Colleague: 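The following block contains the structure, expressed as structure tokens.
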Amino acid sequence: MSDQTKFNLTEADIPTAYYNIAADLPTPLPPPLHPGTGKPLGPDDLAPLFPMELIKQEVSAERYIEIPEPVRDIYKLYRPTPLIRARRLERMLDTPAHIYYKYEGASPAGSHKLNTAIAQAFYNKQERVRKLATETGAGQWGSALSMACNFFGMDCEVFMVKVSFNQKPYRRILMETFGATVHASPTDLTKSGRSILAEHPDSPGSLGIAISEAVEVAVTSGGACKYSLGSVLNHVLLHQTVIGQEALRQMDLAGEYPDVVIGCVGGGSNFAGLAFPFLRNTLVSPDGKDTRFIAVEPTATPSLTKGAYTYDFGDTVQMTPLVKMYTLGHTFVPAGIHAGGLRYHGMAPLISALYNQGYIEAVAVPQNPTFAAAIQFAQSEGIVPAPESAHAIRVAIDQALDAKVCGQQRVILFNLSGHGNLDLSAYEQYLGGKLEDYEYPAEEVARAMEHLPRVGEAAPA
Ligand SMILES: Cc1ncc(COP(=O)(O)O)c(C=O)c1O
């Protein structure tokens, strides 16, 4: 094998279709339910929130969905993203493992989020929507959507979780640079925000609360504004599969196939984006590949490892449809960890179903060991990772060290979902020994679980 480090594709290799794993699921997903009636949702119920093309994608059983040419044109700004063999990290760890990472931080927004932001802005623009409202945690999703709206000449209103708004002022400035309006959520601009502030005036906010505010802005706009979500939903995961499709070809160029595929999970989109095209090989020919798929979450929001697989709301104020997912309860407000993009109470229904059926594994890691891994990665590979992505690095390093103990030449592939150049205050706190580890907040989760809607049966994990 050569000592090649980067495995690059050309613009002509940008995927022409998204891969829809729903077509290959062993059993269909449980349907989303109406928040008021508890009955399965129809397309009209979702129409105030999303354009019809995205609603169709949400329920589609087509295996491949063509990527529109204007979307591929913008992808050319940064796709295909590089696949890099982390040779210097391998040497630092003195491991026989081969470690590869797909670098989504190469996008101009700094993360994978732009892959779906461009697609969502395009489909909304096509249906004459003038503005998109959204939530953002650490600001990666908000900056991606602001950039995409700017490309398509649309307005963008972002509800940014208050703790992140204060921790990461530069992300707000980035969003404003692309013309977006940004609020620290909870705000007093919406009924949802005011109801939270009345009970918890010092609320640090959460993705669940910010979603309620953005959904409210969309549904009360009379159709001029729609809502856009950066993770969790089927169509968002679908758009991210450009990552894994490219990685499949790049691993081919490297002459290897991964034994382990790793990604961090907030709502699950970057993990799904990398993993699903590889997982297809397992689903379609179960005796062919025995790759392990590991989703990594923070101990502060362990929805997969400690949540229940049941119907729940996607937001705090119960405005979104009910979906069957691993959840810590929609009223759960996670601790203010720096990986703001992972502070979400639920997990994508597609990942939840595949985890429940044993196709995917999950691990929860605390903040300090995660930053220790991020520093090792930065010092060997030269990229400062986003705190979210560092969760995947932690487990990739653990896998490489385990391979050393076992004397195995394990092939490890992980998604480096974003860079952390605007997260340096988190690094400053870590380097100054000021970061707290938050263990599983059992009591708060138990309290939140009491508010689960009474639909179907909750099965504690
Ligand atoms: C860099 C980065 N990675 C990962 C995530 C988590 O989201 P998801 O699980 O949808 O990939 C976020 C969310 O904001 C992010 O900014």
Side-chain angles (χ1 to χ4, degrees), residues 81 101-107 109-117 120 134-147 158-161 163-164 167-168 171 174-175 206-207 210-211 228-244 262-276 294-298 300-304 314 325-326 334 337-352 355 360 362 365 370 374 377 383-395 414-423 426:
T81 57
Y101 59 96
K102 181 74 169 150
Y103 185 37
E104 290 298 305
S107 99
S111 80
H112 67 295
K113 297 282 178 184
L114 197 57
N115 300 328
T116 183
Q120 292 193 46
T134 197
E135 75 294 328
T136 195
Q140 291 267 26
W141 165 241
S143 7
L145 192 69
S146 308
M147 189 179 288
V158 184
F159 291 85
M160 184 171 187
V161 175
V163 61
S164 297
Q167 278 170 349
K168 299 171 201 285
R171 282 260 159 65
L174 195 57
M175 291 184 259
S206 71
L207 281 169
I211 292 173
S228 176
L229 185 60
S231 190
V232 181
L233 296 175
N234 301 349
H235 67 263
V236 180
L237 274 54
L238 174 84
H239 300 153
Q240 294 296 352
T241 59
V242 289
I243 303 172
I262 301 165
C264 67
V265 283
S269 73
N270 86 89
F271 170 71
L274 177 66
F276 283 2
I294 307 180
V296 190
E297 56 188 14
T301 47
S303 55
L304 284 174
M325 61 180 175
Y326 279 86
I337 54 168
H338 278 274
L342 306 187
R343 291 179 73 244
Y344 186 60
H345 65 273
M347 186 53 60
L350 279 168
I351 291 181
S352 295
Y355 175 65
I360 290 173
V365 293
T370 298
F377 185 81
I383 297 171
V384 177
E388 290 84 0
S389 322
H391 287 71
I393 299 176
R394 174 70 271 158
V395 173
F414 74 88
N415 202 1
L416 186 56
S417 53
H419 69 66
N421 293 354
L422 296 183
D423 299 288

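Note that this is a predicted model, so its numbers are computed, not measured. Remember, it's 1-based here, ligands and their atoms both numbered in the order they're listed.
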Colleague: Please name all residues satisfying side chain to side chain donor-acceptor pair (under 3.5 Å) with E104, sequence neighbours left out, ordered by chain then number.
Modeller: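 Here the qualifying residues are R79, T81, N115.
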Colleague: Mind checking the CG-CZ spacing from N415 to F271? Nearest 0.5 Å is all I need.
Modeller: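 Between N415 CG and F271 CZ, I get 10.0 Å after rounding to 0.5 Å.
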Colleague: Kindly print each ligand 1 N/O atom paired with any protein N/O atom under 3.5 angstrom away, one pair per line, or none if nothing qualifies.
Modeller:
residue, atom, partner, partner atom, Å
ligand 1, 3 (N), S417, OG, 2.7
ligand 1, 7 (O), K113, NZ, 3.2
ligand 1, 9 (O), G266, N, 2.7
ligand 1, 9 (O), G267, N, 3.2
ligand 1, 9 (O), G268, N, 2.7
ligand 1, 9 (O), S269, N, 3.4
ligand 1, 10 (O), K113, NZ, 3.2
ligand 1, 10 (O), S231, OG, 2.5
ligand 1, 10 (O), S269, N, 3.0
ligand 1, 10 (O), S269, OG, 2.7
ligand 1, 11 (O), H112, NE2, 2.9
ligand 1, 11 (O), S269, OG, 3.3
ligand 1, 11 (O), N270, N, 2.8
ligand 1, 11 (O), N270, ND2, 2.8

Colleague: List in chain and number order the residues that pass side-chain contact (heavy atoms from CB on, under 4.5 Å) with A109, two or more places apart in sequence or in another chain; answer none if no residue qualifies.
Modeller: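 Per chain and number, A109 pairs via side-chain contact (heavy atoms from CB on, under 4.5 Å) with S107, L114, A144, M147.
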Colleague: Just by modelled atom types, is the Y326 backbone N or O under 3.5 Å from a matching donor or acceptor in the S303 side chain?
Modeller: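 Flag not set: sc S303 to bb Y326 has no pair under 3.5 Å.
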Colleague: Heavy-atom distance under 4.5 Å between the side chains of T136 and M175, does that happen here?
Modeller: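 Yes; the side chains approach each other to less than 4.5 Å.
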Colleague: List for me each residue that meets side chain to side chain donor-acceptor pair (under 3.5 Å) alongside Q120, sequence neighbours excluded, and say none if there are none.
Modeller: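 With sequence neighbours excluded, Q120 shows a side chain to side chain donor-acceptor pair (under 3.5 Å) to T116, S228, given in chain and number order.
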